[in-house]
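In this text the structure is predicted, and so the values were computed from the model without any measurement. Just the heavy atoms: all of them, side chains too, but no hydrogens, waters or symmetry mates, feed the values below.
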Amino acid sequence: QVRLIESGGGLVQAGGSLRLSCAASGLTVRTFAMGWFRQAPGKEREAVAAITWGGGVTYYADSVKGRFTISRDNAKNTIYLQMNSLKPEDTAVYYCAVGRGSRPSEDLHEYNYWGQGTQVTVSS
């Protein structure tokens, strides 16, 4: 059974930082891309960042470039999202996902396993 467990969300003031983690189990993720998505109330789920497990190729949404960094620890089967200079518009539930292939993508249909999500709230 594939499980993705996110952690690290919370309440932070604008300008602050958070680090999200996503631990994967139940499958060998080494050949798959993994990504972070977010969904704010009343909005569609959108891609934030993605990374190939082996090659280190990354994708970032324009809205987070220069502020967020995606990384992975293969030994721990875990990916991370370091979020700096947070803004109120970053408030959302953040989800990690395992891709269907090895290439990072912003298309959520390219991902077939999802975590339960972790809430990030940025106050102004």
Side-chain angles (χ1 to χ4, degrees):
Q1 181 181 359
V2 177
R3 294 187 67 191
L4 300 175
I5 305 297
E6 301 103 334
S7 61
L11 173 64
V12 64
Q13 289 187 334
S17 298
L18 285 173
R19 188 191 194 204
L20 305 184
S21 300
C22 173
S25 63
L27 84 165
T28 302
V29 297
R30 291 184 181 276
T31 61
F32 300 110
M34 293 189 71
W36 287 99
F37 290 75
R38 66 186 181 186
Q39 188 166 18
K43 295 187 177 181
E44 295 185 350
R45 192 170 298 189
E46 63 176 2
V48 175
I51 187 169
T52 53
W53 203 254
V57 176
T58 57
Y59 158 84
Y60 292 98
D62 288 343
S63 59
V64 306
K65 282 181 180 177
R67 300 188 298 122
F68 291 11
T69 303
I70 188 170
S71 61
R72 85 280 192 199
D73 184 333
N74 292 343
K76 295 182 178 180
N77 236 26
T78 300
I79 65 168
Y80 304 95
L81 186 68
Q82 178 66 44
M83 306 186 294
N84 298 328
S85 301
L86 283 162
K87 304 175 181 180
E89 51 263 44
D90 295 318
T91 295
V93 177
Y94 283 70
Y95 301 88
C96 70
V98 178
R100 299 181 187 275
S102 61
R103 183 178 65 86
S105 173
E106 68 269 34
D107 183 352
L108 60 85
H109 297 101
E110 294 296 321
Y111 295 81
N112 57 359
Y113 296 107
W114 295 83
Q116 82 288 351
T118 184
Q119 176 70 46
V120 171
T121 303
V122 184
S123 63
S124 58

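Using modelled atom types, one side-chain atom of Asn77 and one backbone atom of Ala24 make a donor-acceptor pair closer than 3.5 Å. Counting only distance, with no hydrogens or angles, the side chain of Arg67 and the backbone of Ser85 share a donor-acceptor pair below 3.5 Å. The closest donor-acceptor contact from the side chain of Thr52 to the backbone of Val57 lies under 3.5 Å. Here the side chain of Thr91 pairs a donor or acceptor atom with the backbone of Val122 at under 3.5 angstrom.
Note that CZ of Arg38 is 14.0 Å distant from CD of Glu44, once rounded to the nearest 0.5 Å.
Qualifying ring pair (Phe, Tyr, Trp, His ring centres under 6.0 Å) partners for Tyr94, counting only residues two or more places apart in sequence or in other chains: none. Remark: Tyr60 pairs with no residue by the ring pair (Phe, Tyr, Trp, His ring centres under 6.0 Å) rule, at least two apart or across chains. For the side chain to side chain donor-acceptor pair (under 3.5 Å) test, residues two or more places apart in sequence or in another chain that qualify with Gln39 are Arg45. In this structure Thr121 satisfies the side chain to side chain donor-acceptor pair (under 3.5 Å) test together with Gln119, sequence neighbours excluded.
Annotation: side chain to side chain donor-acceptor pair (under 3.5 Å) contacts involving residues 3-17, sequence neighbours excluded, comprise Glu6-Gln116, Ser17-Asn84.
Judged by the 6.0 Å distance and 45° axis criteria, Arg19 is positioned over the aromatic ring of Tyr80.
Tyr59 belongs to no hydrophobic cluster with other residues, because no ILVMFWY side-chain heavy atom falls under 4.5 Å from its own, directly or through intermediates.
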